[in-house]
Colleague: 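Would you mind keeping the following structure in view while I ask a few things?
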Amino acid sequence: MALFEIYTKKRGFDNNNEHILIYRDKISYAALIFPPLWFILNKNFFLVPFYIAIIFLLYVISIYFGSAVIIFGIIFIHLFFGFQSNLIREWLLNLRDYKLEMIVTSESQISAYNTYRNNKENEVILNDNSTQNKSGTGSGDEEAILNIF
């Protein structure tokens with residue numbers, strides 16, 4: 001079993017039309033080995049210059065304090081991006097107006113999607129039942145007739 005994060009973004013004015021992204025919650029090996037590759041694969045091109053600037057800054061510091069600074073600095077940066085890639089991805093998706101809708105434990109992305117859809121259908125049914133109960137007319141058939149008039 002694995003954890004999957006489900007992000008949604010509403011499209012247009014219709015609440016039923018949404019864009020869904022499903023990501024597995026795990027360590028990103030691409031970000032651990034070579035962060036610029038992870039940036040490019042996730043379409044975060046603006047982070048590449050920051051990475052290069054940090055490496056250049058470590059190089060300048062290593063001129064004065066020795067080569068151990070650049071070695072440990074690069075190791076630290078790669079570990080940081082590898083282990084924190086989920087949080088960085090969540091932050092970047094929030095900038096793109098995606099909302100973390102649900103975290104699901106399932107076997108695959110397909111079963112995570114099915115769990116999400118079943119949960120959404122149950123929410124719709126519960127919302128419909130709560131609006132019917134608030135009207136105080138009793139059964140749903142009477143309510144439908146009364147709403148016509």
Side-chain angles (χ1 to χ4, degrees), residues 1-62 68-141 143-144 146-147:
M1 297 291 264
L3 288 176
F4 289 91
E5 298 173 345
I6 300 173
Y7 296 92
T8 60
K9 179 179 180 179
K10 302 293 183 196
R11 283 198 244 171
F13 298 109
D14 187 14
N15 286 336
N16 294 332
N17 192 3
E18 61 186 6
H19 188 249
I20 299 171
L21 297 176
I22 301 174
Y23 289 106
R24 187 173 179 182
D25 189 19
K26 64 176 185 172
I27 295 172
S28 174
Y29 295 111
L32 185 66
I33 295 170
F34 191 60
L37 176 65
W38 184 78
F39 299 151
I40 293 169
L41 290 175
N42 288 301
K43 299 176 186 170
N44 303 320
F45 302 111
F46 66 94
L47 290 176
V48 175
F50 287 115
Y51 176 80
I52 293 170
I54 290 171
I55 296 298
F56 180 73
L57 183 65
L58 285 173
Y59 173 72
V60 170
I61 293 171
S62 71
V69 171
I70 196 165
I71 293 169
F72 288 118
I74 290 174
I75 290 171
F76 175 76
I77 290 170
H78 286 226
L79 287 174
F80 175 78
F81 282 117
F83 287 110
Q84 298 299 325
S85 61
N86 291 327
L87 293 174
I88 295 168
R89 181 181 59 226
E90 183 178 353
W91 176 72
L92 292 169
L93 287 173
N94 282 333
L95 288 177
R96 295 179 184 145
D97 294 330
Y98 282 91
K99 184 177 82 170
L100 178 62
E101 191 74 29
M102 182 184 294
I103 298 176
V104 178
T105 302
S106 65
E107 295 292 327
S108 66
Q109 282 185 337
I110 299 295
S111 61
Y113 176 77
N114 291 334
T115 303
Y116 170 72
R117 278 294 165 206
N118 290 337
N119 188 28
K120 287 301 252 187
E121 290 172 2
N122 290 338
E123 284 180 5
V124 169
I125 291 170
L126 289 175
N127 288 339
D128 289 343
N129 288 339
S130 65
T131 57
Q132 288 177 359
N133 291 338
K134 288 181 183 176
S135 65
T137 60
S139 70
D141 295 335
E143 182 181 0
L146 292 175
N147 283 339

Colleague: Using every non-hydrogen atom in the two residues, find where Ile70 and Ile55 come nearest and quote the distance to one decimal.
Modeller: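 Shortest heavy-atom separation between Ile70 and Ile55 comes out as CD1-O, 4.5 Å.
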
Colleague: Is the number of heavy atoms from other residues, nucleotides or ligands under 6.0 Å of Lys9 NZ greater than 12?
Modeller: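 Yes, the 6.0 Å shell around NZ holds more than 12 heavy atoms from other groups.
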
Colleague: Any Lys/Arg nitrogen of Glu18 or Arg117 sitting under 4.0 Å from an Asp/Glu carboxylate oxygen of the other?
Modeller: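 Salt bridge: yes.
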
Colleague: Identify the residue among Thr8, Ile22, Asn119 that makes a side chain to side chain contact (heavy atoms under 4.5 Å, CB included) with Glu101.
Modeller: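 Output: one option passes, namely Thr8.
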
Colleague: Kindly compute the distance separating CD1 (Ile77) from CG (Leu32), expressed to the nearest 0.5 Å.
Modeller: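 Here the interatomic distance stands at 13.0 Å.
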
Colleague: Looking at every non-hydrogen atom in both residues, tell me the closest pair between Ile74 and Leu58 and how far apart they are.
Modeller: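 Closest approach of Ile74 to Leu58, heavy atoms only: N-CD1, 3.9 Å.
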
Colleague: Show, in sequence, the C-alpha distance, side-chain angles and deciding distance for Asn42 and Ile88, and conclude whether the side chain to side chain contact (heavy atoms under 4.5 Å, CB included) test is met.
Modeller: CA-CA 11 Å; Asn42 288 301; Ile88 295 168; over 6 Å; no

Colleague: A quick test of your reading: do over 12 heavy atoms of other residues, nucleotides or ligands sit less than 6.0 Å from CZ of Phe56?
Modeller: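 For Phe56, atom CZ is not crowded (no more than 12 foreign heavy atoms under 6.0 Å).
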
Colleague: Can you tell which of Asn114, Thr115, Asp25 makes a side chain to side chain contact (heavy atoms under 4.5 Å, CB included) with Val104?
Modeller: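 In the set Asn114, Thr115, Asp25, the residue that makes a side chain to side chain contact (heavy atoms under 4.5 Å, CB included) with Val104 is Thr115.
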
Colleague: Under the salt bridge (Lys or Arg N to Asp or Glu O under 4.0 Å) test against Glu5, which residue among Lys26, Arg24, Arg89 passes?
Modeller: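 Option passing the salt bridge (Lys or Arg N to Asp or Glu O under 4.0 Å) with Glu5: Arg89.
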
Colleague: Taking atom OH as the centre, does Tyr51 end up with more than 12 heavy-atom neighbours from other residues, nucleotides or ligands that are less than 6.0 angstrom away?
Modeller: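 More than 12 within 6.0 Å, yes.
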
Colleague: Roughly how far apart are Asp97 CG and Lys99 NZ, rounded to 0.5 Å?
Modeller: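 Asp97 CG to Lys99 NZ: 11.5 Å, rounded to 0.5 Å.
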
Colleague: Closest approach of Leu92 and Leu47, non-hydrogen atoms and distance?
Modeller: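 Minimum heavy-atom contact is CD1-CD1, 4.1 Å.
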
Colleague: Just wondering, are more than 12 heavy atoms of other shown residues or ligands nearer than 6.0 Å to CG in Leu87?
Modeller: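 Enclosed.
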
Colleague: State, with a plain yes or no, whether a side-chain heavy atom of Leu21 is found less than 4.5 Å away from one of Ile6.
Modeller: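 Result no, sub-4.5 Å side-chain heavy-atom pair not found.
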
Colleague: NE2/His19 to OH/Tyr7 distance, rounded to the nearest 0.5 angstrom?
Modeller: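 One finds 14.0 Å between NE2 of His19 and OH of Tyr7.
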
Colleague: Among Phe50, Phe76, Phe39, Trp38, whose ring pair (Phe, Tyr, Trp, His ring centres under 6.0 Å) with Phe81 holds?
Modeller: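 The residue from Phe50, Phe76, Phe39, Trp38 that satisfies ring pair (Phe, Tyr, Trp, His ring centres under 6.0 Å) with Phe81 turns out to be Phe39.
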
Colleague: Closest heavy-atom contact between Gln109 and Phe4?
Modeller: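 Scanning both residues, the minimum pair turns out to be CG-CE2, 3.6 Å.
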
